[in-house]
Amino acid sequence: MAIIGLGYVGLPLAIEFAKKRSVIGYDINEERIVQLKAGVDSTNETERDGLITAEKLVLTSDPSKLIDANIYIVTVPTPVDHLNKPDLTYLFLASETVGKFLKKDDIVVYESTVYPGC
């Protein structure tokens with residue numbers, strides 16, 4: 001299983017899943033990965049103990065590590081512009097990244113705020 005995007009949604013989700021199974025926590029921000037590995041969550045969504053004790057959680061900014069997953073949960077942001085129109089750039093980029101590693105019968109879940117029909 002891989003969680004794509006380790007922000008205020010993805011990181012707590014990754015830690016919870018890692019209590020029971022192996023999880024690849026992926027984020028494009030290398031500095032964020034370094035901080036998380038040191039037990040520091042700048043979003044304050046998780047406590048240091050949660051990060052330290054998540055032994056089944058592998059944190060990485062290396063997309064090639066995603067090949068080992070068969071379930072991908074995409075938790076990237078969908079900011080809105082001045083007209084309240086969602087900017088889907090992060091979703092498109094995350095989808096391209098995941099798409100490089102998809103295999104038959106893999107599952108992709110989008111856990112981002114998007115409008116109906118998106």
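Counting only heavy atoms from C-beta outward, the side chains of Asp105 and Asn70 never approach each other to under 4.5 Å. Ile33 places a side-chain heavy atom less than 4.5 Å from the side chain of Ser61. By the 4.5 Å heavy-atom criterion applied to side chains, Val23 and Val58 are not counted as neighbours. In this structure, the side chains of Thr97 and Ile4 stay at 4.5 Å or more apart for every pair of heavy atoms. For the pair Arg32 and Thr43, the minimum side-chain heavy-atom distance is below 4.5 Å. You'll find the side chain of Lys100 stays beyond 4.5 Å of the side chain of Pro63, heavy atoms only. At a threshold of 4.5 Å between non-hydrogen side-chain atoms, the residues Phe17 and Ile73 count as touching.
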Check: When you look at Tyr72 and Leu66, which way does the side-chain contact (heavy atoms from CB on, under 4.5 Å) test go after all the steps?
Finding: CA-CA 9 Å; Tyr72 300 87; Leu66 297 174; 4.1 Å; yes
Next item on the list: Take Met1 and Arg21 through the side-chain contact (heavy atoms from CB on, under 4.5 Å) test and state the conclusion after the steps.
Entry: CA-CA 8 Å; Met1 168 183 286; Arg21 61 178 302 155; 3.9 Å; yes
Checklist line | Full working for side-chain contact (heavy atoms from CB on, under 4.5 Å) between Asp27 and Ile3 | finding: CA-CA 8 Å; Asp27 200 288; Ile3 307 293; over 6 Å; no
Notebook entry, point to check: Under the side-chain contact (heavy atoms from CB on, under 4.5 Å) criterion, do Lys65 and Tyr26 qualify, and how do the steps go?
Noted result: CA-CA 8 Å; Lys65 303 292 185 195; Tyr26 171 78; over 6 Å; no
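The two residues Leu59 and Lys37 have their closest heavy-atom pair at O-CE, 3.1 Å. Residues Gly5 and Val76 approach most closely at CA-CG1, 4.3 Å, considering heavy atoms. In this structure, Ala14 and Leu57 approach most closely via the heavy-atom pair CB-CD1, 3.9 Å. In this structure, Gly7 and Pro12 approach most closely via the heavy-atom pair O-CD, 3.7 Å.
Asp106 is linked by a salt bridge (charged side-chain N to carboxylate O under 4.0 Å, His left out) to Lys103, counting only residues two or more places apart in sequence or in another chain.
One side chain, Thr46 or Asp41, offers a donor N or O that lies under 3.5 Å from an acceptor on the other. Under the 3.5 Å distance criterion, with hydrogens and angles disregarded, a donor-acceptor pair is assigned to the side chains of Asp87 and Thr89. Side-chain contact of Tyr110 with Thr75: a donor-acceptor pair under 3.5 Å is absent, judged by distance alone.
Linking Ile, Leu, Val, Met, Phe, Trp and Tyr whenever their side-chain heavy atoms come within less than 4.5 Å puts Ile67 and Leu102 in one cluster. By the criterion of side-chain heavy atoms lying less than 4.5 angstrom apart, applied directly or through intervening Ile, Leu, Val, Met, Phe, Trp or Tyr residues, Ile28 is not grouped with Leu11; the two fall into different hydrophobic clusters. By the rule that hydrophobic residues join a cluster once side-chain heavy atoms approach within less than 4.5 Å of another member, Val109 and Val98 end up as members of separate clusters. At a threshold of 4.5 Å between side-chain heavy atoms, the hydrophobic network of Ile, Leu, Val, Met, Phe, Trp and Tyr places Leu88 and Leu93 in two separate groups. Note: the hydrophobic cluster containing Leu6 also contains Ile71 (ILVMFWY, side chain heavy atoms under 4.5 Å, direct or indirect links).
Remark: the backbone N or O of Asn44 is not paired with any side-chain donor or acceptor of Tyr8 at under 3.5 angstrom.
Among Asn29, Leu51, Ile15, the single residue meeting the side chain to side chain contact (heavy atoms under 4.5 Å, CB included) criterion with Leu36 is Leu51.
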